[in-house]
Peer 1: 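Below: one structure in structure tokens.
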Amino acid sequence: MPGYAKSEELFKTAQEIIPGGVNSPVRAWQAVGLTPRLIVKGAGARVFDVDGNSYLDYMASWGPLILGHAAPPVVAAVQAAAARGTSFGASTPGELELAEVLCAAVPGLEMVRLVNSGTEATMSALRLARGVTGRPRVIKFDGCYHGHADSFLVAAGSGVLTHAIPGSPGVPAEIADLTMSLPYNDLDAVHRAVQRYAGEIAALIVEPVAGNMGVVPPRPGFLPGLRQICDAAGILLIFDEVITGFRVGRGGAQALYGVKPDLTCLGKIIGGGLPVGAYGGRRDLMSQMAPVGPIYQAGTLSGNPVAVAAGLATLKALEEPGVYEDLEDNGAWLARELARAAVRQGVDLTINRVGSMLTVFFTPGPVANLEDAKRCDLNRFRQFFQGMLAAGVMLPPSQFEAFFVSLAHARQDLQDTVDAAERLWARWQ
Ligand code: KE4
């Protein structure tokens with residue numbers, strides 16, 4: 001391996017003019033105690049850093065790159081769109097096409113609006129819920145992350161959890177007080193909160209498969225139970241499918257588990273690696289959004305034609321027959337073989353997986369909520385990350401994130417990953 005002198009030099013300079021040297025905190029690799037590698041290229045299942053090192057990539061840009069890096073149809077669509085102009089400040093046919101694709105695929109979407117990030121999607125969905133119900137409170141779950149809008153930074157899972165910031169300075173207590181954060185998979189806690197604040201709760205927002213405390217699937221009955229509680233209390237159910245949308249199936253987690261939310265938030269995959277988010281749901285709710293309704297939300301680059309082209313090319317590629325079966329087969333194979341290697345090497349771990357998103361938790365488990373996830377041996381994860389990086393495998397730099405298998409990962413890539421892990425674990429004895 002040619003070392004990482006250039007990454008070190010550039011990252012040192014970056015820290016002088018960009019907070020922490022990064023444009024998003026988790027990229028600073030503080031949780032794994034290494035200098036982050038600056039990436040200059042991706043191709044298929046691999047990324048290449050500024051020093052010329054190559055890595056099998058399981059970060060997938062935190063989820064969007066389900067086709068792999070620089071997928072030819074996406075690159076071609078972006079090049080063609082850019083050559084026609086990058087933004088017009090006017091509606092374009094592509095925005096309508098993407099809205100039609102989303103509404104056709106996702107059961108809960110009767111209407112949808114494009115924005116620029118998952119944060120914008122969730123903050124807009126919450127404003128809509130509060131505007132329609134006239135109620136101020138919102139329920140979220142410990143370990144779930146919904147972006148960095150004030151109402152959600154009270155006990156978020158990604159970023160904030162990794163950086164041990166309980167909530168965040170700058171979030172007014174008055175705002176945080178309107179949010180309740182409950183244990184994931186705990187319907188009794190939801191019942192208690194709803195009884196305590198009946199009539200004051202606008203919405204309950206949930207990652208239908210949690211991805212920001214590591215992957216934590218919903219217990220059987222959890223999602224249907226949330227639906228029933230919300231129906232009985234007049235609370236709007238919001239599924240944050242920014243990760244799970246088009247990841248765990250074409251219709252997202254709501255199709256996989258058969259529970260339809262009132263509002264859905266999307267991001268990541270629907271932009272194919274470019275900035276696209278979306279929120280949508282029942283027509284009677286979305287019709288309350290300006291300019292047709294009174295609730296305001298806007299964005300200069302919402303529905304940007306180049307980003308929309310990347311999203312459309314990605315979602316079109318995901319219409320190919322068998323793609324989700326392939327992702328399921330490869331996700332299951334990787335999880336099973338990693339677990340078998342861990343047993344052979346006497347390493348205590350738990351692997352949670354849904355489709356092609358999975359997390360290796362360094363705890364005997366089970367891991368069904370944030371408290372369970374917090375029992376992980378973070379030093380073991382740090383050793384695992386560092387050892388795998390040295391072996392040419394780039395994992396997400398936090399115990400509380402998901403590995404993503406893409407359509408570009410060949411079975412041999414997965415085998416190489418398992419072999420690297422087993423060689424590393426053998427040295428742990
Ligand atoms: P963005 O604003 O980062 O596009 O989306 C926020 C968001 C909303 N909802 C869910 C379920 C999410 O996972 C996210 C963002 N995910 C994190 C990592 N899991 C993004 C990585 C980062 O913060 O750099």
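Order of listing sets the numbers, starting from 1, for every ligand and every atom in it.
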Peer 1: Is the shortest distance from a Lys or Arg side-chain nitrogen in R227 or D262 to a carboxylate oxygen in the other one below 4.0 Å?
Peer 2: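 Yes, charged N to carboxylate O under 4.0 Å.
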Peer 1: Under 4.0 Å from a heavy atom of V26: give me the atoms of ligand 1 that qualify, with their elements.
Peer 2: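 Those qualifying, in numeric order: 22 (C), 24 (O).
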Peer 1: Heavy-atom distance to atom 17 (C) of ligand 1: which of K268, E241, E120, E401 wins?
Peer 2: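 Comparing heavy atoms across K268, E241, E120, E401, the nearest one to atom 17 (C) of ligand 1 lies in K268.
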Peer 1: If we only count N/O pairs under 3.5 Å, is G118 in contact with ligand 1?
Peer 2: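 So ligand 1 has an N or O lying under 3.5 Å from an N or O of G118.
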Peer 1: Is any N or O atom of N212, backbone or side chain, closer than 3.5 Å to an N or O atom of ligand 1?
Peer 2: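 Among all N and O atoms of N212, at least one is under 3.5 Å from an N or O of ligand 1.
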Peer 1: Cut-off 3.5 Å, side chains only: do N330 and H409 have a donor facing an acceptor?
Peer 2: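 Their side chains do not contain a donor-acceptor pair, so the 3.5 Å distance test is not met.
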Peer 1: Is the shortest distance from a Lys or Arg side-chain nitrogen in E120 or R127 to a carboxylate oxygen in the other one below 4.0 Å?
Peer 2: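 Salt bridge: no.
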Peer 1: Counting from 1, what ligand 1 atoms have a heavy atom of I243 closer than 4.0 Å?
Peer 2: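 The list of qualifying atoms is 13 (O).
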Peer 1: Between the side chains of R247 and E241, is the shortest nitrogen-to-carboxylate-oxygen separation below 4.0 Å, so that they form an ion pair?
Peer 2: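 Salt bridge flag = no for R247 with E241.
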Peer 1: Check if D240 has a non-hydrogen atom at a distance under 4.0 Å from any atom of ligand 1.
Peer 2: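 It does; at least one heavy atom falls under 4.0 Å.
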Peer 1: How far apart are the C-alpha atoms of Y257 and F239, what are their side-chain angles, what is the distance that settles it, and do they pass the ring-ring contact (aromatic ring centres under 6.0 Å, His included) test?
Peer 2: CA-CA 12 Å; Y257 295 101; F239 273 11; 8.8 Å; no
Peer 1: Angle between ring planes, F403 versus F384, binned at 30° and 60°: parallel, tilted or perpendicular?
Peer 2: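 The rings of F403 and F384 lie parallel, inter-plane angle below 30°.
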Peer 1: I need the atoms of ligand 1 closer than 4.0 Å to a non-hydrogen atom of G147, numbered in the order shown.
Peer 2: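 Here the atoms of ligand 1 in question are 6 (C), 7 (C), 8 (C).
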Peer 1: Taking only heavy atoms of E207, which atoms of ligand 1 are found under 4.0 Å from at least one of them?
Peer 2: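 The atoms of ligand 1 under 4.0 Å from a heavy atom of E207 are 11 (C).
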Peer 1: Within this structure, what is the CD1-CD1 distance for the pair I235 and I139, rounded to the nearest 0.5 Å?
Peer 2: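 The CD1 atom of I235 sits 5.0 Å away from the CD1 atom of I139.
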Peer 1: Could you list which atoms of ligand 1 come closer than 4.0 Å to a heavy atom of S117?
Peer 2: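 Reading through ligand 1 atom by atom, the close ones are 2 (O), 4 (O).
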Peer 1: Of all the atoms in ligand 1, which lie at a distance below 4.0 Å from a heavy atom belonging to S24?
Peer 2: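 With S24 as reference, the close atoms of ligand 1 come out as 22 (C), 23 (O), 24 (O).
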Peer 1: To the nearest 0.5 angstrom, please state how far the CG atom of D142 sits from the CE atom of M213.
Peer 2: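 CE of M213 is found 8.0 Å from CG of D142.
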Peer 1: Test of understanding: given a 4.0 Å heavy-atom threshold, classify the contact between T119 and ligand 1 as side chain, backbone, both, or neither.
Peer 2: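 For T119, backbone and side-chain atoms both sit under 4.0 Å from ligand 1.
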Peer 1: Counting only heavy atoms, which portion of H146 has something under 4.0 Å from ligand 1: side chain, backbone, both, or neither?
Peer 2: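 Contact part for H146 vs ligand 1: backbone (N, CA, C, O).
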